[in-house]
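Everything numeric here is computed off the predicted structure, so don't read it as measured data. Letters A, B, ... mirror the listed sequences (proteins, then strands); counts begin at 1.
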Amino acid sequence: MDINELLDILEKTYPDAKCELHYTTPFELLIATILSAQCTDVRVNKVTSKLFEKYNTPKDFVELGEERLGNIIKSCGLYKSKSNNIINTSKILLSRYFGQVPQTLEELINLPGVGRKTANVVLSNAYGVDAIAVDTHVFRVSNRIGIISSKNPEDTEFKLMEVIPKKRWSKAHHLFIFHGRRTCKSQNPNCIDCTIKCYCKYFKENRGNFN
DNA sequence: AACTCGGGGCA
DNA sequence: TGCCCAGAGTT
């Protein structure tokens, strides 16, 4: 399979594929990405557009405090633990990083509430680092196409970096997410209208079910 | 690798 | 009600 050909087709299919989280600084992207876990980006944007009107820095968030932050973001799921993590992360950014968001994967994933996925989103979108963030969509789409056969998101990340040219890592992440949300859905994927089905192992194996 | 956590929205 | 959503942390 030619991965570049596949990505070319996805770029034509989803010309607007990009990060849809609302932010203007690395710190804001970090907060928005932490909030986006198990929560739709539409709902996250609703919360952050209000939140970032008044609060933009780690200092602002520490002063805001866990309790009030929890109230503000309660319209987005998981607010208790997320609020706690966001305040603790803000404190660490203040005490260890002069209020800045670090630019290495290792430093980022040591922040509370930040895993590989969130760290890679921040690195690739805010700092222009070549990285692939593996979320549920990227994981599912990669498995269905047949690029990977692992159950481990970290293995998936390394395999994708091996197969996809470095310059396209970040773009591939967004293309797979758009494809996963709009077409290659976890339930009832729309294989008939899929523009890359000729490359897809899942489609080949289930071809009989689509006629 | 396999849980658990967590809340709003929609069927 | 039951299931899903641009995961992380713990066991």
Show every salt bridge (Lys or Arg N to Asp or Glu O under 4.0 Å) that has at least one partner inside residues 157-179 of chain A, sequence neighbours left out. Asp8(A)-Arg168(A), Glu11(A)-Arg168(A), Arg116(A)-Glu157(A), Lys159(A)-Glu162(A)
Just to verify, what does Phe176(A) make a ring-ring contact (aromatic ring centres under 6.0 Å, His included) with, not counting sequence neighbours? none
In this structure, how many angstroms lie between the P atom of dA1(B) and the CD atom of Glu154(A), rounded? 11 Å
Any chance the side chains of Asp60(A) and Thr57(A) put a donor and an acceptor closer than 3.5 Å? yes
Base, sugar-phosphate alone, or nothing: which one does Thr33(A) contact when heavy atoms must sit under 4.0 Å apart? nothing
If you measure only the distance, is there a donor-acceptor pair under 3.5 Å linking the side chains of Thr13(A) and Thr195(A)? yes
Please list each protein N or O that sits under 3.5 Å from an N or O in nucleotides 6-11 of chain B, with the distance.
unit_1: dG7(B); atom_1: N2; unit_2: Gln38(A); atom_2: O; d: 3.4

Under 3.5 Å side-chain donor-acceptor pair for Tyr55(A) and Glu63(A): no
According to a strict under-4.0 Å criterion, is Thr40(A) in side-chain N/O contact with OP1 or OP2 of dC4(C)? no
Considering only atom C1', compute the distance from dG8(B) to dG9(C) and round it to an integer number of Å. 23 Å
Rounded to whole Å, CG of Asn188(A) lies from C1' of dC3(C) at a distance of 13 Å
In short, side-chain hydrogen bond (donor to acceptor under 3.5 Å, both in side chains) pairs touching residues 37-51 of chain A with sequence neighbours left out are Asp41(A)-Arg181(A)
Short side-chain N/O contact from Gln187(A) to OP1 or OP2 of dC4(C), under 4.0 Å: yes
Please report, rounded to the nearest Å, how far the C1' atom of dG7(C) is from the CG atom of Leu35(A). 12 Å
By the 4.0 Å heavy-atom rule, please label Glu20(A) as base, sugar-phosphate, or nothing. base
Thr183(A) versus Tyr14(A), side-chain donor and acceptor atoms under 3.5 Å: yes
What is the distance, to the nearest angstrom, from the CZ atom on Phe139(A) to the P atom on dA2(B)? 11 Å
Asp155(A) CG to dA1(B) P, straight-line distance once rounded to whole Å: 7 Å
Whole-Å distance separating the CZ atom of Arg140(A) from the P atom of dG7(C): 10 Å
If I take atom CG in residue Asn45(A) and atom C1' in nucleotide dC5(C), what distance separates them, rounded to the nearest angstrom? 14 Å
Return the polar atom pairs (N/O with N/O) between nucleotides 8-10 of chain C and the protein under 3.5 Å, or none.
unit_1: dA8(C); atom_1: OP1; unit_2: Gly115(A); atom_2: N; d: 3.0
unit_1: dA8(C); atom_1: OP1; unit_2: Thr118(A); atom_2: N; d: 3.1
unit_1: dA8(C); atom_1: OP1; unit_2: Thr118(A); atom_2: OG1; d: 2.4
unit_1: dG9(C); atom_1: OP1; unit_2: Gly113(A); atom_2: N; d: 2.6

What interatomic distance, in whole Å, is found between P of dA6(C) and the corresponding atom of dA2(B)? 24 Å
Do Asp193(A) and Asn190(A) have a side chain donor and acceptor closer than 3.5 Å? yes
What's the CG-C1' distance between Leu175(A) and dA6(C), to the nearest Å? 14 Å
ring-ring contact (aromatic ring centres under 6.0 Å, His included) partners of Phe178(A), counting only residues at least two apart: none
